[in-house]
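Comments concern the structure below.
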Amino acid sequence: MFQLINLNRKSFLPLFLLLGLLLLPYTSFGFKQVKKSITLDVKGATLESVIGIIKKQTGCFFIYDVNVINEVKNLTIKVSDVQIGEVLDLCLKSTGLKYSIDGNTVTILKSTPLTKPTQKRESIKGFVFDNNNQPLPGVAILLRGTRKGVVTDEKGAFEIETEDKITSVLEFRFVGMKTKVINVSNNTNWNIIMEEDAAILSDVVVTGYYNATKATYTGSATTITKADIQNISTTNLFTVLQAIDPSFKIVENNSAGSNPNAMPEFQVRGSNSVTTLRNAFEGDPNMPLFIVDGFEMRVEKVFDLDPLRIESVTILKDASATAIYGSKAANGIVVLELIKPVQGQLRFDYSAKYISTAPDLTSYDILNAREKLELELITGTVKRYSEEYNEKLKNVEMGYDTYWLNKPLRVSQQLNHNITVSGGDKSLTYSLTAALNPSSGIMKGSGRDRYSVGSRLTYRYNNFIFSNSINYDNVHSVNSPYGSFTEYGRLNPYYKITDEDGNYLLMLQTGSTSTTGSVSNPLWNTTLNEKNTNSYNLFSENFEIKWNVTPKFRLTGNGSINLRNGKTEQFFSSLHTMFGTSTDMSKRGVYRSLNSKEINMQGNFLISYSTNIKSSFLTLNSGISYSDMDAEEDGFSAQGFVAEFLSYPSFANSYHSTEKPRGISSKSRSAGVFLNSNYSYNNIYFVDVSFRADISSKFGKDSRWAPFWSVGAGYNIHREKFMQSVEFINQLKLRGSIGVTGSQSFDPYQSMSKYQYIGDQFYGFYAVGALMMGMGNPNLKWQKTSKSNMGIDMAFLDNRLLISADIYQSKSKDLLTSIALAPSLGFSSYMENLGESQNSGYDFSIRGVLIKSKDIMLSISGNGNHNINRLTKISNTLVAWNEQVDKETSGAGTDVSKVYPKVRFIEGQSMSTIWVVRSLGIDPANGKEIFLDKEGNKTYVWSADDQVPYATRDPKLSGSLALNFTWKGLTFNLSSGFSFGGKLYNQTLVERVESVDYKFNCDKRVFSERWRNPGDITLFKDVKDKSATKPTSRFVQTNNYLDFSSINISYMFTQESLKRLKYFKSLRLGFTTNDLLRLSSIQIERGLSYPFARTFNLSLQASF
Amino acid sequence: MKNTILSLFILIILLFTSCSKMFDINPPTELKEEEIFSKEIGFYHALMGIYISSTDPDLYGRTLGYSFIDVISNMYNVSPASSFINVQNLDYENVSVKSTVDKIWDKSFYLIANCNNILKNLEGKESLFSNEYSSNYDVLKAELLAFRAFYHFDLLRLFGPMPSIGMDQTSIPYVDRVSVTPFPKLKMGEFLDKVIIDLKEAHELLKINDPLFSPSPTDYSGSSIFYYISSDNGFRRDRIFKLNYYVVTGLLSRAYLYKGDKTNAYKYAKIVEQSDFRVYSTINTYHYLNDILGSLWLAVATNKSYTDAVFSDGAEANKLIIDADSRPKLYESELYQTIDVRNIKNFGNKDNNIEIYPIKYYNTSYSYPFIKRAEIDLILAETAAANGDDPYYYLNKLRSARGLEQFPLNSDNSILEDEITKEYSKEFIAEGQLFYYYKRKGFTSYTGINGRIITDMGPSKYVLPIPDEELTYGNN
């Protein structure tokens, strides 16, 4: 068989597809009678445990009353290979119980003889559907108070007889669905919609194109439910993802801090691409792909999405899970499903969040006025009794001691609302949602207001389902007029900032009175007319038709159009300090405008088919997808605004003299054909095969088609017969996959040779000219990433202990890098597929339920990830890059911005290696640093050649820990992130303690911990040495931290208490705090240009 | 039903596979190679791009026109405080000098790549060119070949070895194709052969087709709106600002002489000499541009900012000046100073005659000459004897055009070389030809401005260093 597959590898996949389609007409659907043999050997067992074994062996579904069953004990049965009926006969002999089998549902009842003749038998009929309006076969229906039960047929139909319909209560039960109870009353004809139980939603894996059964899924995927989001953060989805999946990481941006307008960057299982230098990538090449309701979306849209609108999030990681996304899959896929309307009465859902955010300045420790002046004296920056010193001392003595850090900051408060109206009947369901999420940042004036409205309609006609959703988002963000936070950490505390009337002074220090130059007051700018905004409108329309040709055969077609208009506007008035002391009013004051327009169209067509032959189960999903992106951007700048308050561009003196008008346009188009097939035998063995071929305008014209594939296999050991007697194991699943996926986040035009017209020059009498822009490469290919993954999923002790672990390796080949050319070829470089990198590691998660009783549940969970990155092949430009950065570092002088340890590209090393010169510390005799050169000799001289790969930033283990406690309606959830074993270069020590420019304020440690006199044993060099400290092992520190990322307390009102509060269907109150505390082994200033923040959040969710 | 769906599905797949053209997307702000070369006009624009970029200040717009190139031939008095002092000292290791030299190499080869790419696309596209001017195909091809040869030849004269050491010396690569694989460095003889092959092909094509010879006046002069509505968008006009037939012929002569082939150098120079194209003007109407055979047109506004920066308005440290008292030495005060029209018309004064500077670029027409009639006569003077002709006839032609007295014919040949050298320095000041002359002649010493004697000249000073990147990534 394998030989056959190998020989015909090329024709194998289409064959599979054809095979599936050909099999169609010969397949019968549904189950009539379970014919499964049972082997049993028990002594003194309870009936309940015997039923448990039968369940496992046959997959039958049992309906019984626990109280009745518990009376049957001490069963001793030994049979092999017998039918279910025989076993039950043996078990129930002389117990007064009887059974009935219908399909794969077994009902066990007390055989009470009918004493009374039936008075008035009435039958209650109806249909049961799931919330996608699919008929649900096999739903168990119990008539409460009796032993009577029926099961729905293939069409979801049922009929049950009752003696008194008025008082009858029916109970509907189905795996994965919430149990539903109805009072029959006078209505004898029912259409029942069963809702999915969120807790059990994880029984399927949402792939974006189709849903796969988790039990036989071979991929590595993490599912995050609505409840997880509510428990961790209803304000920031990415925090939730990071807390639940250890391999999903937000790349920490120490500069942007908690800036609401800074788009975070993420990685799933490490970075695959080399991000550097001249090759201008569009966006981040390591960003995973985001899919919302089946369509690819910009990360910005996800960032601005109200988390309360999300039903589930699935993170797809390995080849088996991602291969159907082909050339976009290498960085992982994040699939979001929004909440869909459910059939039923008109329902109002309202939620409100009150969010308060407070800046976290605990990582800052700066000098006060008196200390700063003394430092200037010690270092010779000012001379004692000089005019300048006297001036400053006067200020200090007068009590001027400004704590600049809190000047631009505030505690921000905001109120968010989300209202949803939904409802509908069997043929039409609808929902309308409005989300109002204004948010303000902790820097005064900054904020990001997000408003969205959306509607969704689903219409059912025979076996067609039409769905349509329309969304409109408006996001408006404002940057703080206070500018960059960095500046406030540098300003001296002894300045006088206001005049006698309390108005801000323009200058804090004038050049004429000091040797340290003039300093302008950033607070002055806040009194001016300024505009610094960014906004966009996004309109999206999604349409979908599902056609259930037969219950097992479905066709789906969908399409989406997104229109996005963006606008960026800046106005800085003529009085702004950025224009210095220039008196040329025709150039003071600037206005900038940038408009963007983007149209994105996507469409998919999907065929789904599933069938079973005896114990085999086969599903096939095959489809095509298409997407088209067209974006344009243009803008201009104007200058010379004489009147401070007139900000409209028409008041400008002229267009900007040095900023050219901008115009960018980009277009791309791609399509793909894919197929996924899952085959399982008896739910024990299963195989997944996926294939996708992509075509994209981004690839070179000589290699336009890109094939991708994956093969996965799994083994449900717990379903094996020999495991039946091991009762404490509920699940033991092994899975593995290999495959190839791609990445195409690069400039669409890199593969082309292009000509650009010379706009501002002519030849002779106005002859225009054009020149080549670069050397195209028609052979340019997609990046390929081969991934392999091995995983295990385990559940023990009645599912109270869940363990899941994966080891993985991914090798990226054909990385896009620029190759240096001999300049005689006309160009310095061109793009080529060269370079290889590798990520390997493991991730795991454990969840244990410590207490589980009727009212109380206590569970703890933890997860972790370890990832190693290695460059296996690099291009010649990267080697040249190393030399260039070494040169830059060596020649840095006092320029602090050039001495951070740079990424060096060396084969065999990681991109996260920290390269430094080994240090023996500070010589107590003279305050100079002693280095070790390559040979291990001591030297005072730093040389780039002596740099060694000293440590890596990658932690040994990072992940999160969580605790969840529930008592009746009260829930307490704590989740924390941790990381240990990674190293970090403490840049704060370089910039704020050592290489300090004494004109500005600095860290307290400059004053207290630097070398001053011979004999001082210190970590920091001579306080008078102002040179920039070059990469040294002295500042490589262990970066272990524990972050209390979320604490949540919420209360869900019980049904009893709600009865007193009329109108409410449900009510939940919650309190969450995010980023409350961070315990860290390294003292480093965090949030440089925008500080980090803690958030406190009160929420209310109610349904009417 | 199921069959319908199946066939529909297969159809869609086939549809995608067949129209992969759909995935050819044009960047809207630029033109794809295929697109610009799908029309006649696109070729003209691509050629004009090369002309325009040749006037880049790092090429003939300044560095190779009048600044760097004449500083290394010691035509200016550079003060020790000037940023040009390292150039004058021929300190090629100096970072800023190195960067200037690297830019010459990089940008010249960039334009060579442009030539090659147009030539590649031009192949077999004759049918694109309209009937009215079907000869434009040949003219275009000739100008591209000539450009390729012109740039290569100047790179050889800068970065190649001294011709006096021998044609077997390894020189630089001759890049005649668009490629990502580096080209080998050729022996100087082989390299010059390639230059000559390209120039000869251009020469043959232009001989018949140069619009100069089809004297519809609107083809190459004046400025009428009709040029712009003509089908070739005025491609045929402005021949004196193009690599025309006479320029190419002159360049051929120049290249042969560099190779040491006096027969052919004489032959091609003679073709120009005997034509009536751009003959010497009278002394009264002298202008240094009058007798050029063709020049690069420098945009007025941009050029003025470059020249101002080094000659008149720029910061003292960047200034290129000539001491007033060096002029008598250059123009031989006792003999000719007051009558040499070049001395009278080519200089401007600053600070009451303490400093002077060349004003060749301060005029209404700013141009960098590809080659001038004066050089043709000097080549003939140098090669006449070897071809049984009288050198003084040609030397006298130039001298009389500049107002100088004539040498008797058949004079003593012992003073000939010295007189030719003097004419080169008088004639080509600020035109960037002197350095090449000294290098070709292999002078171990020569007289710079102000009578300064430059000694110890040799390969280390005449040969500019090839950029490090070329040595690292090239084919060595």
Can you establish whether the number of heavy atoms outside [X] located under 6.0 Å from its atom [atom1] is more than 12?
{"X": "Lys39(B)", "atom1": "NZ", "value": "no"}
{"X": "Met773(A)", "atom1": "CE", "value": "yes"}
{"X": "Lys98(B)", "atom1": "NZ", "value": "yes"}

What is the distance from atom [atom1] of [X] to atom [atom2] of [Y], rounded to the nearest 0.5 Å?
{"X": "Asp468(B)", "Y": "Glu883(A)", "atom1": "CG", "atom2": "CD", "answer": "10.0 Å"}
{"X": "Tyr755(A)", "Y": "Asn117(B)", "atom1": "OH", "atom2": "CG", "answer": "4.0 Å"}
{"X": "Leu31(B)", "Y": "Tyr757(A)", "atom1": "CG", "atom2": "OH", "answer": "5.5 Å"}
{"X": "Leu825(A)", "Y": "Glu470(B)", "atom1": "CG", "atom2": "CD", "answer": "7.0 Å"}

Quick one: what part of Leu821(A) sits under 4.5 Å from any heavy atom of chain B, side chain, backbone, both or neither? both
Any side-chain to backbone donor/acceptor pair from Tyr51(B) onto Gly769(A)? Under 3.5 Å, distance only.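 No, Tyr51(B) side chain to Gly769(A) backbone: no donor-acceptor pair under 3.5 Å.
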Side chain of Tyr110(B), backbone of Met772(A): donor and acceptor closer than 3.5 Å?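 A pair under 3.5 Å: yes.
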Under a 4.5 Å cutoff for heavy-atom pairs, which residue among Asp106(B), Thr181(B), Val180(B), Ile36(B) has the most contacts with chain A? Val180(B)
Do you know which of Ile466(B), Leu296(B), Asp102(B), Ile118(B) has the most heavy-atom pairs with chain A at a distance under 4.5 angstrom?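 Option with the greatest count: Leu296(B).
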Do [X] and [Y] touch side chain to side chain, with heavy atoms closer than 4.5 Å?
{"X": "Phe109(B)", "Y": "Pro823(A)", "result": "no"}
{"X": "Val768(A)", "Y": "Ile52(B)", "result": "no"}
{"X": "Val178(B)", "Y": "Met775(A)", "result": "yes"}

Chain B interface, residue from Ser824(A), Gly826(A), Ala693(A) that has the most non-hydrogen pairs under 4.5 Å: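 Ranked by heavy-atom pairs under 4.5 Å with chain B, first place is Ser824(A).
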Ser295(B) versus chain A, heavy atoms under 4.5 Å apart: side chain, backbone, both or neither? backbone
Quick check on Pro173(B) against chain A: is it the side chain, the backbone, both or neither that has a heavy atom closer than 4.5 Å?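 For Pro173(B), the contact with chain A is made by the side chain alone.
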